[in-house]
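As the structure lists them, so they are numbered: ligands from 1, and atoms in each ligand from 1. FYI, side chains are in, hydrogens and waters are out, and symmetry mates aren't considered; it's all heavy atoms of this structure.
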Amino acid sequence: MRNYSTRKRVLITGGAGFLGSHLCERLLAEGNDVLCVDNFFTGTKDNIAHLLPNPSFELIRHDITFPLFVEVDEIYNLACPASPIHYQFDPVQTTKTSVHGAINMLGLAKRIKAKILQASTSEVYGDPKVHPQTEDYWGNVNPIGIRSCYDEGKRCAETLFFDYYRQYQLRIKVARIFNTYGPRMHPSDGRVVSNFIIQALKGEPITIYGDGKQTRSFCYVDDLVDGLVRLMNSPDDFTGPVNLGNPGEFTILELAQKVITLTGSISPIVFNPLPADDPTQRQPNIALARRMLDWAPCVALDEGLPRIIAYFRDSEAKAL
Ligand code: NAD
Ligand code: UDP
């Protein structure tokens with residue numbers, strides 16, 4: 001626990017979302033003051049309701065596409081819808097959140113001399129031609145497709161971070177986050193892990209898009225949050241970008257089969273059309289995170305899936 005002189009004031013944008021709420025918990029548990037800023041587009045008050053009585057926790061409803069004036073030591077910039085159905089719902093707002101949001105948060109960090117971390121994404125690699133993906137790969141991204149509002153918005157945010165670093169010597173950190181799962185994922189955000197588990201628990205068909213041979217690597221939320229905190233605490237001359245994700249790579253068909261086995265579901269598997277620009281493969285090379293942050297994920301998919309299945313079972317039971 002930190003004392004009065006070592007405790008930090010930390011701003012988390014998107015703090016009421018899936019990853020943000022876990023990060024709020026972690027930083028509060030370490031004895032910091034946490035300021036959670038969220039416009040509740042995809043996040044909910046339920047995710048942080050248990051933190052509200054904590055005097056070290058503060059919540060502000062705010063859209064980061066507008067300027068914000070607060071005094072903090074560190075900023076974790078997580079605000080942005082992350083699932084394809086959410087970020088494609090209002091693509092112009094998605095780009096504004098990444099780009100105007102980054103400009104506002106970088107401007108704030110510059111004014112108050114705060115350290116700032118950007119939650120970037122493996123989507124900056126697009127449909128990668130290099131496998132596994134290393135941070136020096138520039139990516140293969142369609143600039144005009146239905147995923148571009150997210151991919152290009154995040155790429156532009158990375159550009160802004162590095163220009164503020166070069167131009168104003170801002171202390172920046174850029175994490176490229178690969179697919180992460182765990183409790184508090186939005187049950188209807190359409191992401192593959194939540195979709196398959198909800199479908200399996202309801203005995204509904206498991207919807208595989210395409211032939212199911214596309215791959216993803218799934219990181220458990222606690223591992224990811226630990227990586228973000230280590231990155232923020234790393235020496236100032238380490239900016240990233242750094243991949244944070246679990247290198248265990250699975251086809252979507254393998255994931256469906258695991259979910260069926262672990263839930264004991266009778267759901268059939270059905271094959272639906274593949275959405276445009278859906279990446280065919282994705283696996284992080286985490287050598288840089290291992291070396292610079294002494295970080296590697298601890299929770300394998302077979303260990304993490306039962307935890308999120310239990311969470312969704314419990315949520316379903318409460319909803320009845
Ligand atoms: P999420 O949708 O659960 O959380 C995003 C949060 O940002 C929500 O609470 C939402 O209400 C808030 N938000 C959106 N637009 C905002 C705005 N303009 N102003 C203020 N708040 C706003 O998603 P998540 O999975 O927790 O993702 C958090 C961050 O991590 C995102 O930036 C996402 O791009 C990044 N990321 C996540 C993953 C993943 O697998 N979860 C992978 C790569 C990158
Ligand atoms: N997917 C699927 N069925 C679903 C939801 C997703 O087959 O019900 C596929 C999707 O086409 C993609 C992969 O699962 O190939 C991961 O999708 P998700 O939206 O979770 O993340 P992203 O594509 O952003 O990595």
Residue Gln93 vicinity, atoms of ligand 1 by number, heavy atom under 4.0 Å: 18 (N)
Nearest neighbour in protein (non-hydrogen) for atom 5 (C) of ligand 1: Cys80 O, 3.3 Å
Closest heavy-atom pair and its distance - Thr94, Cys149: CG2-O, 4.0 Å
hydrophobic_cluster_shared for Leu23 and Ile48, side chain cutoff 4.5 Å: yes
Contact with ligand 1 for Ala16, non-hydrogen, under 4.0 angstrom: yes
Protein contact to atom 27 (O) of ligand 1 [nearest heavy atom, distance to 0.1 Å]: Ala82 CB, 3.7 Å
Side-chain H-bond candidate by donor/acceptor type, Asn285 with Thr134, under 3.5 Å: no
Interfacing atoms of ligand 1 (cut-off 4.0 Å, heavy-atom, Phe40): 11 (O)
SB check Lys8 Asp73 (cutoff 4.0 Å): no
Element-labelled atoms of ligand 1 that are located less than 4.0 Å from some non-hydrogen atom of Asn179: 40 (O)
For atom 17 (O) of ligand 2, the option (of Thr207, Val192, Thr121, Asn272) bearing the nearest heavy atom: Val192
Atom 15 (O) of ligand 2: nearest protein contact (heavy atom, Å): Asp278 OD1, 2.5 Å
Residue portion contacting ligand 2 (non-hydrogen atoms closer than 4.0 Å) for Arg191: both
Close-contact set for ligand 1 against Asp63 heavy atoms, below 4.0 Å: 17 (C), 18 (N), 19 (N)
Protein contact of atom 5 (C) of ligand 2 - nearest heavy atom, named by residue and atom, plus distance: Tyr209 CE1, 3.4 Å
Same apolar cluster: Leu78 and Val37, side chain cutoff 4.5 Å: no
Tyr181 heavy atom under 4.0 Å from ligand 1: no
Ligand 1 atoms in contact with Gly14 (distance to a heavy atom under 4.0 Å): 6 (C), 7 (O), 9 (O), 12 (C)
Side chains of Gln93 and Asp63, donor plus acceptor under 3.5 Å: yes
Nearest-neighbour protein heavy atom for atom 29 (C) of ligand 1, which is reported as residue plus atom name and distance: Leu78 O, 3.2 Å
Name of the residue among Arg155, Arg282, Lys154 meeting salt bridge (charged side-chain N to carboxylate O under 4.0 Å, His left out) with Glu123: Arg282
Sidechain-backbone polar pair: Ser21 side chain, Phe18 backbone, donor-acceptor under 3.5 Å: yes
Nearest-neighbour protein heavy atom for atom 1 (P) of ligand 1, which is reported as residue plus atom name and distance: Thr42 OG1, 3.7 Å
Short N or O distance, Phe18 and ligand 1, threshold 3.5 Å exclusive: yes
Heavy-atom nearest neighbour of atom 24 (O) of ligand 2 within options His86, Arg147, Lys213, Met185: Arg147
Polar proximity ligand 1 side, Asp38 side, N/O cut 3.5 Å exclusive: yes
Polar side-chain atom of Asp223 near backbone of Val299 as donor-acceptor pair, under 3.5 Å: yes
Residue and atom name of the nearest protein heavy atom (relative to atom 34 (O) of ligand 1), distance in Å to one decimal: Tyr150 OH, 2.6 Å
Distance-only N or O hit between ligand 1 and Asn39, under 3.5 Å: yes
Common cluster, Met185/Ile177, ILVMFWY with side-chain heavy-atom separation under 4.5 Å: yes
Heavy atom of the protein closest to atom 4 (O) of ligand 1 (residue, atom name, distance): Gly17 CA, 3.5 Å
Residue Gly43 vicinity, atoms of ligand 1 by number, heavy atom under 4.0 Å: 8 (C), 9 (O), 10 (C), 11 (O)
Identity and distance of the protein heavy atom lying nearest atom 40 (O) of ligand 1: Thr180 N, 2.8 Å
Protein residue, atom and distance nearest to atom 8 (O) of ligand 2, heavy-atom basis: Asn195 ND2, 2.8 Å
Mode of Lys154 contact toward ligand 1 - side chain, backbone, both, neither (heavy atoms, under 4.0 Å): side chain
Ligand 1 to Thr121 polar contact by distance, N or O atoms, under 3.5 Å: no
Identity and separation of the nearest protein heavy atom to atom 30 (O) of ligand 1: Leu19 CD1, 3.5 Å
Atoms of ligand 1, numbered as shown, that sit under 4.0 Å from any heavy atom of His62: 19 (N), 20 (C)
Shortest non-hydrogen contact between Ser56 and Asn54, atoms and distance: N-OD1, 2.9 Å
Protein heavy-atom partner closest to atom 13 (C) of ligand 2 - residue, atom, separation in Å: Ile252 CD1, 3.7 Å
Contact with ligand 1 for Ile64, non-hydrogen, under 4.0 angstrom: yes
Minimum heavy-atom distance between Asn246 and Phe218, given as atom pair plus value: CB-O, 3.2 Å
Qualifying residue for ring-ring contact (aromatic ring centres under 6.0 Å, His included) with Tyr181, from Phe312, Tyr220, Phe250, Phe196: Tyr220
Option whose closest heavy atom lies nearest to atom 25 (O) of ligand 1, chosen from Met185, Arg191, Glu123: Arg191
Val193 and ligand 2 - part of the residue with a heavy-atom distance under 4.0 Å: neither
Geometric class of the His86/His186 ring pair [parallel <30°, tilted 30-60°, perpendicular >60°]: perpendicular
Ligand 1 N/O within reach of Ser120 N/O, cut-off under 3.5 Å: no
Shortest protein heavy-atom distance from atom 21 (O) of ligand 2, along with the residue and atom involved: Asn179 ND2, 3.4 Å
Plane angle bin for Tyr168 and Tyr164 - parallel if under 30°, tilted between 30 and 60°, otherwise perpendicular: tilted
Donor-acceptor side-chain pairing of Thr215 and Gln281 below 3.5 angstrom: no
